[in-house]
Amino acid sequence: MNIAQALTIAGSDNGGGAGIQADLKTFQELGVYGMTVITAIAAQNTTGVQGVFPIDYDGIVQQLDSTGADFQPRAVKTGMLYSAEIIRLVAAKCQQHSWSNLVIDPVMVAKGGAPLLQQEAVQALTQDLLPLALLITPNIPEAELLIGRSIRNLSEREEAAKQLVQMGSTYALIKGGHDPGSGMVIDVLYDGHSFHYLENLRVMTRHTHGTGCTFSAAITAELAKGSPILAAVTTARAFIQAAIEDELGFGTGHGPTNHFAYQRRQRGER
Ligand SMILES: Nc1ncnc2c1ncn2[C@@H]1O[C@H](COP(=O)(O)OP(=O)(O)OP(=O)(O)O)[C@@H](O)[C@H]1O
Ligand SMILES: Cc1ncc(CO)c(N)n1
């Protein structure tokens, strides 16, 4: 059996909707063998983040090296990296272990506003990690911090995606989840030459915890299976749309998305 391997370098969400838990569930649903390097443990639920506990630096070094010494991930994603020190370490280890197909989800702030990345780490993200990326997938506020200016409309989103490619990522995708209003939600992908628009109906729901993690994990899984970028992003967009639409309804706040939904639809189940 030829099963592709993928690695996620991210934080833990005990609630299971975001972070490494979301990544592993998504990898599994898309038929990819998932591995993890855990950078921090966040205590959280649908009402917010109650605590963040970074893993010892040496513990992260050893997880990266144990993985790199014996496994061959065909795609790697990063989520919550927390500090500049961890970002620089991850950049060095991606190079040392020759990991390609790197997808960066530049996780900065949780839905309720809790910081998941220290402020001074943004510079390390742009200088050390971004140039190694195949793809970076910021939401609008993350893209604003990365490029250092505000994004008010679609053309400014296009400009931001272009700038992120100039800053070193091969492709950039700016997600539209944070765009205010109803109607369509538009994600913009820039491939270095042209723009691709992923347009979907905005689901009116509060259950959007971990949408960014799940979406970037689905892209990573498809890349690990050998899909080209546009095909990977298109499948991942269908995966997250299904996961948001078929809501689980857990918790009193921002609940997790439904990682089962995409495959259930593929099998004709509802
Ligand atoms: N209400 C919604 N309806 C449909 N699609 C959505 C909705 N909210 C987000 N999405 C999609 O989910 C994906 C993640 O986008 P979003 O902008 O929410 O990421 P994020 O803020 O990084 O998520 P998080 O920080 O919660 O993990 C994108 O493809 C976006 O278009
Ligand atoms: C561990 C973790 N990573 C990412 C996010 C962003 O959704 C979160 N809430 N928790």
Side-chain angles (χ1 to χ4, degrees), residues 8-24 26 36-55 77-82 86 103-117 135-146 151 157 173-189 196-219 232-247 251 253-258 261-262:
T8 170
I9 306 169
S12 167
D13 169 15
N14 57 284
I20 53 159
Q21 288 81 356
D23 295 343
L24 281 181
T26 304
T36 61
V37 166
I38 302 180
T39 55
I41 297 190
Q44 54 186 320
N45 56 31
T46 69
T47 69
V49 176
Q50 289 80 42
V52 171
F53 305 89
I55 299 291
K77 72 155 274 189
T78 64
M80 175 184 180
L81 296 177
Y82 192 62
I86 299 176
V103 176
I104 301 177
D105 178 14
V107 171
M108 294 182 189
V109 180
K111 278 265 145 63
L116 300 177
L117 181 74
L135 173 69
I136 186 160
T137 63
N139 61 31
I140 293 171
E142 289 161 352
E144 290 179 328
L145 276 169
L146 291 168
I151 300 170
R157 217 182 301 167
L173 188 154
I174 309 214
K175 297 171 292 191
H178 292 247
D179 207 4
S182 55
M184 304 302 279
V185 45
I186 307 174
D187 297 344
V188 179
L189 172 71
H196 305 268
Y197 304 90
L198 298 120
E199 292 188 49
N200 288 271
L201 270 182
R202 179 177 294 277
V203 185
M204 289 307 175
T205 175
R206 60 185 162 88
H207 299 294
T208 54
H209 175 72
T211 46
C213 305
T214 300
F215 180 49
S216 55
I219 299 171
V233 165
T234 303
T235 300
R237 192 62 190 74
F239 189 97
I240 189 61
Q241 187 71 15
I244 297 171
E245 281 178 3
D246 295 358
E247 67 176 40
H254 294 298
T257 68
N258 182 351
Y262 177 78

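Positions are given from 1, in the same order as the sequence printed here. First listed ligand is number 1; within each ligand, the first listed atom is number 1. Nothing here was measured: the structure is a model prediction, and the numbers come from that model.
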| What do we get for D187 next to ligand 1 when only non-hydrogen atoms under 4.0 Å count, side chain, backbone, both or neither? | side chain
| remark: Logged contact type for I240 with ligand 1, heavy-atom cut-off 4.0 Å, is side chain
Can any side-chain N or O of [X] pair as donor or acceptor with the backbone N or O of [Y] at less than 3.5 Å?
X    : Y    : answer
T205 : H207 : yes
Q50  : G48  : yes
E142 : N139 : yes
H254 : R206 : yes
N258 : D246 : yes

Suppose I only count heavy atoms of [X] and a 4.0 Å limit; which atoms of ligand 1 are within that range?
X    : result
N139 : 17 (O), 20 (P), 21 (O), 22 (O)
T208 : 26 (O)
L201 : 3 (N), 4 (C)
Q241 : 4 (C), 5 (N)
V185 : 4 (C), 5 (N), 31 (O)
C213 : 27 (O)
G210 : 26 (O), 27 (O)

Would you say [X] has any N or O atom under 3.5 Å from an N or O of ligand 1, going by distance alone?
X    : result
H178 : yes
K111 : yes
G212 : yes
K175 : yes
G177 : yes
I244 : no
D105 : no

| Distance filter under 4.0 Å to H209 heavy atoms, resulting ligand 2 atoms | 9 (N)
| said: My understanding is that only one of I219, L189, V185 makes a side-chain contact (heavy atoms from CB on, under 4.5 Å) with R237; could you say which? | reply: V185
For [atom], what is the nearest protein heavy atom, given as residue, atom name and distance?
atom                    : answer
atom 6 (C) of ligand 2  : L116 CD1, 3.9 Å
atom 10 (N) of ligand 2 : Q44 NE2, 2.9 Å
atom 11 (C) of ligand 1 : R237 NH2, 3.6 Å

| Would N200 count as a contact of ligand 1 if the rule is a heavy atom under 4.0 Å away? | no
| Heavy atom of A18, distance to ligand 1 below 4.0 Å | no
| said: Looking at ligand 2, would G212 count as a contact under a 4.0 Å heavy-atom criterion? | reply: no
| request: Report yes or no: does a heavy atom of G79 sit under 4.0 Å from some atom of ligand 2? | output: no
| message | Checking side-chain hydrogen bond (donor to acceptor under 3.5 Å, both in side chains) between H209 and each of D13, T46, T257, which is the one that passes? | response | D13
| field | Shortest non-hydrogen contact between P256 and G17, atoms and distance | value | CB-CA, 3.6 Å
| query | Would you call D187-R157 a salt bridge at under 4.0 Å N-O? | reply | no
| query | Does the side chain to side chain donor-acceptor pair (under 3.5 Å) test come out yes or no for S216 and K77, once each step is laid out? | reply | CA-CA 7 Å; S216 55; K77 72 155 274 189; 2.9 Å; yes
